[in-house]
Amino acid sequence: MQPSIDIRNVSKSYGGGTAPGGLLALDDVSLQVGQGEFLAILGPSGCGKSTLLHVVAGLTPARGEILVQGKKVTGPGLDRGVVFQDYALFPWRTALDNVAFGLEMKKVPRHLRAASAYKYLKMVGLAGFEDRYPAQLSGGMKQRVAIARALAFDPEVLLMDEPFAALDAQTREILQTELLRIWEQTGKTILFVTHAIDEAIYLAQRVVVMTARPGRIKQIVDIDLPWPRVDSDVRSSRPFALLRHRIWELLAGEVEKAQHLASSRDPVPGRSRGGVAADAVAQEVV
Amino acid sequence: MRGLLLRVSVALGLLALWEGLPRIGLVNPNFLPPASEVARTLWKLLVSGELLRHAWVSLDRILLGLAVSILVGVPLGIFMGSWKTFERTLDGPLQAGRQVSAIALFPVFILFFGIGELSKVVIIFWASVWPILLNTTIGVKTVDPVLIRSARSMSARGATLFRKVVLPAAAPAIFTGIRLGAAYAFMVLVAAEMIGANAGLGFLVLNSQEVFKIPEMYAAIVALATFGLGVNKLLYHLERRATVWREAGGT
């Protein structure tokens, strides 16, 4: 079966690439996301995971090729819905009008927009808040509106860039559960970027662990926890703990490297080029 | 409640001073008539319709000058805000122009446009265009890039992106510029009406002084202040109505 998202040899560099002073953010990343799959990308900050998501969204140009439902990505498009960490709601629009934005872009006739937008506000549990402005909503509610907005124009895939990172712990858990419910309800393919191990394990079917800069795929971990995860306390189960430990070990060295990179602020010396097999451990020179 | 009480008593106290000082002769009542006499004169001018006639002439000039300022300042500001090269090229001359006081230029305007209406509208334009231009430029320039990215992710671009995101995001700054522009317009209006005018509130102030109708002069000054306050309030309410989402706090 054709993958929903097909990322082929994507590299991204800022400021001159391999030239001295340039910065390689993504190094030859290849990845397939299946139809209706929930895939999480996990990595230390600055590993390029958000960059990868922006490349898939068509917001950032990069080398390589990306196909969404077999169609080459050449820029932003309504076949992909993006949810950002900082909500990015339009403050002058009510919740309902925010959700309707993509419908306007899709040229849905005016009289159909409100009903459609309302349907998705209801799906994220915000029926009755249609006329509120973003300034009148809590962080969790804002992110619900943003999710409804990304779903309303019925994209093929949902791209989520650390959507719950700015929320408090309780709101985050509630929204994670809500997201799983919405995923089951809509059957969308979801590409979910996060730096939280628990979040990635709880939500995803597969977790892609990335290396520190330049971002490469270090390993892809299958999350074979039972479904549905919503009703059981899966987070405190033994298999969850084992997965958590395994991923933590994969990630620990990379986090250290990322911090080292952040403090030195120099481009990485002696980086090895060439394809990195998806499940091979990348050899990094610190 | 207590704050209101304090404010009202301060205002009443000042009025009492204005009434009392000329009456007991501490201030020459020929130069500063008591408040009650000024109020009586104000009422007389209002009933006779003379005050409204002058106010109308002034309002006409302000609206015309301000309208031209908006028509020039907003589009130019949008251009400068969205096009860096354009802004950098024009920055020097505009910064210099901004520093030249409208009053200082009045003789120049009279030289070019004569002593009639045109030079008065031009001086009001000159005073009010700067805050409108500057605020529009800053408003357009400082639109949150997160919002632009969000709209772009939903395939908005070009004119649509501008109309649906940049303009509404910059609207509060543009409104503030217009309100500031109106306040500046009032300040230069009086000066403009003191030269070569035969109507207007500024003319009424100067003319009353020249013919030594001192209560009329004060009445005109009070009317001018009230008038300016009224226009500012009106613009403020229009601004709030248009940007109701900003007030919508309380979470």
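Remember, it's a predicted structure, so these values are computed and weren't measured experimentally. Note on naming: letters A, B, ... go to the chains in the order of the sequence lines (proteins, then strands), and numbering restarts at 1 for each one.
Proximity to chain B (any heavy atom under 4.5 Å) is shown, for A/Arg132, by neither the backbone nor the side chain. Heavy atoms closer than 4.5 Å to chain A are found in the side chain of B/Thr160, but not in its backbone. With a 4.5 angstrom heavy-atom cutoff, A/Leu159 does not touch chain B via any of its atoms. Both the backbone and the side chain of B/Ala151 come within contact range of chain A, with heavy atoms under 4.5 Å apart. Residue A/Phe153 touches chain B through its side chain alone, counting heavy-atom pairs closer than 4.5 Å.
Per-residue heavy-atom pair counts under 4.5 Å with chain B were compared for A/Val82, A/Asp86, A/Val83, and the maximum is reached by A/Asp86.
Taking the ring axis of B/Phe162 as reference, the NZ or CZ atom of B/Arg157 does not stay both within 45° of it and closer than 6.0 Å to the ring centre.
Of the listed residues (A/Val29, A/Leu24, A/Thr60), just one forms a side-chain contact (heavy atoms from CB on, under 4.5 Å) with A/Lys12, and that residue is A/Thr60.
Using a 4.5 Å heavy-atom cutoff, the side chains of A/Ile190 and A/Leu179 are in contact.
In B/Phe112, the CZ atom is not crowded: 12 or fewer heavy atoms of neighbouring residues, nucleotides or ligands sit closer than 6.0 Å.
A/Asp161 and A/Ser50 share a side-chain donor-acceptor pair at under 3.5 Å.
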